[in-house]
Number of protein chains: 2
Amino acid sequence: MSKPSFREQMLRVREDAIVAAVNRLLAEKGYEAMTVDEVAAEVGIAKASLYKHFPSKEALAAAAMVKVLDRALAEVEALGTEAALAPIDRLRAAARWTMRMQLAGEMPTLPAQNSALRAALLADRGYLDRLLMLSEQLGGWIEAAQAAGEIDTALPAEVVLYTLFARACDPVLGMLQASGRHDDAQIVEWVLRTCFDGLATRG
Amino acid sequence: MSKPSFREQMLRVREDAIVAAVNRLLAEKGYEAMTVDEVAAEVGIAKASLYKHFPSKEALAAAAMVKVLDRALAEVEALGTEAALAPIDRLRAAARWTMRMQLAGEMPTLPAQNSALRAALLADRGYLDRLLMLSEQLGGWIEAAQAAGEIDTALPAEVVLYTLFARACDPVLGMLQASGRHDDAQIVEWVLRTCFDGLATRG
DNA sequence: GTCTATAGCCAGATAGAC
DNA sequence: GTCTATCTGGCTATAGAC
């Protein structure tokens with residue numbers, strides 16, 4: 001590996017800024033409502049310059065989604081090294097991380113079933129590879145948690161996995177935050193509780 | 001009340017057809033991705049004719065949302081008359097109904113935080129009135145369920161209410177349906193279980 | 001690689017005949 | 001009220017100078 005030149009570093013920094021802006025806008029308004037003009041304005045460059053870095057709006061969004069998955073994979077890897085955690089507590093910690101991300105305005109919502117973005121992501125090898133890797137990591141924890149009697153064995157691992165992905169975009173977080181009556185930490189704990197313990201009384 | 005004329009009946013039937021088409025398209029692709037041309041094509045009339053019935057795309061969507069709330073209110077009213085049901089079972093039945101609606105492709109997704117539709121709905125008295133009425137009905141059941149020890153009292157009623165609304169649009173249902181490996185009834189029961197009983201083992 | 005300016009397209013909304 | 005045809009604006013994407 002040769003040391004990257006100054007120009008290459010600048011390029012990388014700029015592209016990171018672009019991806020960060022896209023990520024924020026995706027989280028705020030979703031793919032369809034986000035415009036390339038807004039992205040350019042937020043980064044502070046001309047729209048044409050964006051297209052020198054990314055060939056299309058879809059590629060822009062895909063890069064942001066890949067970055068989110070990379071962050072999630074890093075988080076999961078870090079959780080995996082904490083030997084003291086029970087499998088269900090790893091899952092809980094991962095879910096807590098996604099919820100904090102969402103409240104911070106940095107978690108793009110899942111693409112709707114029939115979105116132009118969805119088609120682009122399904123054709124993106126980098127995205128699919130990371131999604132698969134994350135699914136396998138979490139799937140391993142889910143099976144371990146079920147084997148340890150921590151997760152309901154009446155639920156297929158697939159259902160548990162999808163539920164965790166969906167909770168990363170749970171609109172309940174935003175609704176509670178919008179009400180302005182609660183702080184973020186409290187909101188996260190409530191939603192985590194509904195996710196893992198359910199609405200019904202435990203007894 | 002005078003008997004409606006034939007013309008008025010035809011008008012009503014046509015507008016019902018329009019609202020039904022909008023409802024289906026909203027459920028399928030969401031507000032931003034739905035086009036007025038598609039609505040017109042599905043109803044089988046010219047786009048300009050649509051605008052004789054509804055002044056804008058937003059009004060079109062709002063009418064569909066109002067209709068959904070009316071159906072939900074009717075369902076809730078019917079559940080309220082079944083004296084044998086415990087409060088939590090009323091809530092469960094209401095949630096089951098929304099999930100079946102979603103799997104049938106008839107439940108529009110909640111408008112995103114920053115959507116043009118959201119602003120229109122917040123300015124629509126008919127929508128807000130119905131939403132409030134539904135919230136009060138469900139809120140009453142939630143408090144009764146908590147008083148009876150059926151719903152976790154560590155959760156504010158507000159959190160429970162928002163969670164039930166959010167589960168009406170839970171993407172997990174669509175993901176499981178898309179996998180094609182399970183039938184709708186099974187999917188509903190799994191998601192209901194995750195909602196009320198949580199992912200963690202009970203016992 | 002950055003910019004300004006604009007092409008090309010598509011969707012919401014409207015005009016005007018019938 | 002229905003239609004065909006069109007207007008208008010905004011959005012993705014590109015041309016071309018520097």
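Every chain is numbered from 1 and lettered A, B, ... according to where its sequence line falls, protein lines coming before strand lines. A quick note: this is a predicted structure, and the numbers were derived from the prediction, not measured.
For the side-chain hydrogen bond (donor to acceptor under 3.5 Å, both in side chains) test, no residue two or more places apart in sequence or in another chain qualifies with R202(B). Partners of R193(B) according to the side-chain hydrogen bond (donor to acceptor under 3.5 Å, both in side chains) rule, which considers only residues two or more places apart in sequence or in another chain, are D152(A).
Less than 4.0 Å separates DNA chain D from at least one heavy atom of each of the following residues of residues 13-27 of chain B: R14(B). Heavy-atom distances under 4.0 Å link DNA chain C to A48(A), S49(A), K52(A), H53(A) of residues 48-63 of chain A, given in residue order.
Ion pair R167(B)/D170(A) flagged as a salt bridge, since at least one NZ, NE, NH1 or NH2 atom sits closer than 4.0 Å to an Asp/Glu carboxylate oxygen. Salt-bridge check for R24(A) with E28(A): passed, with a basic side-chain N closer than 4.0 Å to an acidic carboxylate O.
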What protein N or O atoms touch nucleotides 6-10 of chain C N or O atoms at under 3.5 angstrom, if any, and at what distances?
none

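Residue pairs satisfying the ring-ring contact (aromatic ring centres under 6.0 Å, His included) criterion with at least one member in residues 15-72 of chain B, sequence neighbours excluded, are absent. Screening residues 48-65 of chain B for salt bridge (charged side-chain N to carboxylate O under 4.0 Å, His left out) gives no qualifying pairs among residues at least two apart or on separate chains. Among pairs with a residue in residues 79-88 of chain B, none fulfils salt bridge (charged side-chain N to carboxylate O under 4.0 Å, His left out), at least two apart in sequence or across chains. Applying the ring-ring contact (aromatic ring centres under 6.0 Å, His included) test to pairs two or more places apart or on separate chains, those with a residue in residues 171-195 of chain B are H182(B)-W190(B).
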Sequence neighbours left out, cut at 3.5 Å: what donor-acceptor pairs do the side chains of residues 171-180 of chain A make with other protein atoms?
{"unit_1": "Q177(A)", "atom_1": "NE2", "unit_2": "L103(A)", "atom_2": "O", "d": "3.2"}
{"unit_1": "Q177(A)", "atom_1": "NE2", "unit_2": "D184(A)", "atom_2": "OD1", "d": "3.4"}
{"unit_1": "S179(A)", "atom_1": "OG", "unit_2": "L176(A)", "atom_2": "O", "d": "2.8"}
{"unit_1": "S179(A)", "atom_1": "OG", "unit_2": "R181(A)", "atom_2": "N", "d": "3.4"}

Donor-acceptor pairs under 3.5 angstrom involving side-chain atoms of residues 64-75 of chain B: please list them, not counting sequence neighbours.
{"unit_1": "D70(B)", "atom_1": "OD1", "unit_2": "R130(B)", "atom_2": "NE", "d": "2.7"}
{"unit_1": "D70(B)", "atom_1": "OD2", "unit_2": "R130(B)", "atom_2": "NE", "d": "3.3"}
{"unit_1": "R71(B)", "atom_1": "NH2", "unit_2": "E106(B)", "atom_2": "OE1", "d": "3.2"}
{"unit_1": "E75(B)", "atom_1": "OE1", "unit_2": "W97(B)", "atom_2": "NE1", "d": "3.4"}

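Summarising the geometry, the separation between CE on M34(B) and P on dA13(C) is reported as 10 Å, rounded to the nearest angstrom.
Of the N and O atoms on the side chains of T201(A) and E150(B), not one donor lies less than 3.5 Å from an acceptor on the other residue.
In summary, contact between chain A and DNA chain D, defined as any nucleotide atom under 4.0 Å from a heavy atom of the protein, begins and ends at dC11(D) to dA15(D) in the 5' to 3' direction.
With values rounded to the nearest 0.5 angstrom, F196(A) atom CZ is found 10.0 Å from T163(A) atom OG1.
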